[in-house]
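Okay, so here's the structure we're looking at.
All values reported here derive from a predicted model rather than from experimental measurement. In what follows, chains carry the letters A, B, and so on, assigned in the order in which the sequence lines appear, proteins first and then strands, with residues in each chain numbered from 1.
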Number of protein chains: 2
Amino acid sequence: MVSKSQIKLITSLAQKKYRQQHGLFVVEGLKGISEFLESNFNLQSLFALEGCFKDERPTEVTAAELKKISFLKTPQKALALFEIPEDLNKVEAGFQLVLDDVRDPGNLGTLIRLCDWYGIKNLICSKETVDCFNPKVVQATMGSLTRVNLIYTDLSHHLAAQDLPVYAAFMDGKSVYKEGLPQDAILILGNEANGISDVVAENIQHKISIPQFGQSTTESLNVAVAGAILVSEFKRN
Amino acid sequence: MVSKSQIKLITSLAQKKYRQQHGLFVVEGLKGISEFLESNFNLQSLFALEGCFKDERPTEVTAAELKKISFLKTPQKALALFEIPEDLNKVEAGFQLVLDDVRDPGNLGTLIRLCDWYGIKNLICSKETVDCFNPKVVQATMGSLTRVNLIYTDLSHHLAAQDLPVYAAFMDGKSVYKEGLPQDAILILGNEANGISDVVAENIQHKISIPQFGQSTTESLNVAVAGAILVSEFKRN
C-alpha cells in the first residue's frame with residue numbers, strides 16, 4: 001500500500017530541487033535495486049510486488065500502485081528510494097573523464113556505463129551537466145552509478161589544480177589513431193550542441209580528433225559515441 | 001495555415017503503419033530539412049515560420065500551429081514531409097554493419113550517424129529493428145539518414161549470401177584490440193536486452209569482445225557505444 005503523501009514525495013523526485021531537498025533518488029527494477037543494495041548507498045524505502053525482495057521487507061504494492069509511482073512507461077516489479085550520499089567524492093588517482101555541460105540524461109547514463117566498463121573511477125562534471133540522480137540517468141546507468149565516482153565541480157578550478165595532460169576532441173585536432181596516448185590523462189567532452197566552452201578550452205594541451213572517413217558534410221558524432229571511441233583509444237594499449 | 005486534415009495526417013506519421021500507408025515521413029528543423037532538400041529525397045510539403053525557406057515556398061505557419069504538428073518538446077522553426085523512397089536499396093561493396101533487432105530509436109539514430117562518419121554505406125537491419133523513418137530516429141540522425149544506405153531484410157538469408165567474414169561481439173570473444181581485423185567485413189550488433197538471436201548467430205565466424213577493465217559485475221555497454229568502439233577498431237588501420 002502506497003500512501004498519497006508517498007506518491008507525492010516519489011513523483012516530486014523527478015525534479016532536482018526536490019531530490020536535493022529530500023536527499024533521495026529513485027531506482028527502479030529488480031536488477032538495478034539489487035546493485036544499489038549491494039553498494040554503499042543507503043536504502044530509504046522499497047516498494048515491490050508480492051514475492052519480490054522478501055529479505056528486505058518491502059512495502060508490498062499492486063501493479064496499479066506501482067504504475068502511480070513509476071517513472072517508466074512499463075513499470076518494473078519494484079521501486080526503491082535511496083539516500084543521496086552527503087560525503088563529497090574525492091578525485092582518485094588515474095584517468096579522468098570530464099564532462100563540460102552534457103545535458104542529455106541518456107548520454108550521461110551511457111558515459112557512466114562506459115567509465116564502469118573501462119575502470120575509470122573519476123567522472124568530473126561541470127555544475128550544468130545533467131544531475132546523475134535524475135531518474136532517466138539512473139535508469140540508463142544499469143547500476144554502474146554504484147561503481148563510478150561522480151564529482152560536480154567548477155571545471156576551470158578543477159583543471160587548474162591537476163597535473164595530468166589534458167586532451168579534448170576538436171575538428172582540427174590530430175588524429176587520435178596516430179597520437180601516442182598516455183595511460184593516464186584527462187579527457188574532456190563538450191556539450192551536445194555547443195561543444196567545449198571557451199573558459200574550459202583554455203586548459204586543453206592536446207587537441208585530438210576522430211578522423212572522418214565519410215563525406216565532409218557529416219557534422220558530428222553523438223557525444224557518448226565520441227567519448228567511447230576516444231576512451232577506447234586511451235585504454236587499448 | 002495548417003488544416004485539420006493536415007494535422008491529422010502529420011500526427012498519424014508517428015506510427016509506422018501510417019507512414020507506410022501514406023509513404024511519408026517527418027523531418028524537423030532548418031538544418032535537417034536542408035540536408036534532405038539537398039539529397040535525393042522528394043519533398044512533399046513544408047511548413048515554416050515566416051521568413052524560413054522562402055525559396056521553397058513553404059506553407060507559412062505560426063508558432064502555435066507548428067506546436068500542433070511537431071513531435072518535439074521544443075518545436076523547431078520548420079517541419080517537412082518527405083516521401084519514403086520506393087526503390088529498394090541495394091547492398092554496395094564494402095563494410096556492412098548489421099543490426100539484429102535494435103529497438104531503441106536513439107540507438108538506431110546514433111548508429112546511422114556512426115556509419116555516416118566512418119563512410120559505411122551499408123546498414124543492414126532485421127525486420128524487427130526500429131523503423132528508420134520513425135520521427136525520433138530521423139531527429140537523432142541529424143541528416144545522416146540521407147547518406148547511409150539502410151536495408152531491412154531477413155538477416156539469415158542476407159548473411160548466407162555474403163562472402164565477407166562475419167564478426168560479432170560476445171563476452172567470451174577474443175579481444176578486439178588483439179585481433180588482426182580486415183578492412184572490409186560484416187559486423188553484427190544485437191538487441192539491447194537479448195543480444196544476438198540464435199538463428200543469426202549461426203552465421204558468425206569470428207567472436208570478438210571489448211575487454212573489460214572495470215569490475216566484472218559491469219554488465220554491458222550500450223549497443224551504440226559498443227558498435228562505435230568496434231567500428232573504430234575496424235577502420236583505424
Test the B:Lys207-B:Phe170 pair against the cation-pi criterion, namely NZ or CZ under 6.0 angstrom from the six-membered ring centroid and within 45° of the ring axis.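 Cation-pi check for B:Lys207 and B:Phe170: passes.
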
Side chain from CB out, backbone as N, CA, C, O: work out which of these in B:Ile210 comes under 4.5 Å of a heavy atom of chain A, or both, or neither.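 Answer is both: backbone and side chain atoms of B:Ile210 are under 4.5 Å from chain A.
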
Where does B:Lys178 contact chain A at under 4.5 Å (heavy atoms): side chain, backbone, both or neither?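 For B:Lys178, no heavy atom lies under 4.5 Å from chain A.
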
Among A:Leu81, A:Thr11, A:Ile69, find the one that has a side-chain contact (heavy atoms from CB on, under 4.5 Å) with A:Val26.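 So, applying the side-chain contact (heavy atoms from CB on, under 4.5 Å) to A:Val26 and each of A:Leu81, A:Thr11, A:Ile69, only A:Leu81 qualifies.
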
Please tell me whether B:Tyr167 and B:Phe234 form a close aromatic pair, meaning their ring centres lie under 6.0 Å apart.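 Yes: the rings meet the under 6.0 Å criterion.
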
Can the ring centres of A:Phe25 and A:Phe41 be said to be less than 6.0 Å apart?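 Yes: the rings meet the under 6.0 Å criterion.
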
Contact winner vs chain A - B:Glu233, B:Arg236, B:Lys121, heavy-atom pairs under 4.5 Å: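 Among B:Glu233, B:Arg236, B:Lys121, the one with the most close pairs to chain A is B:Arg236.
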
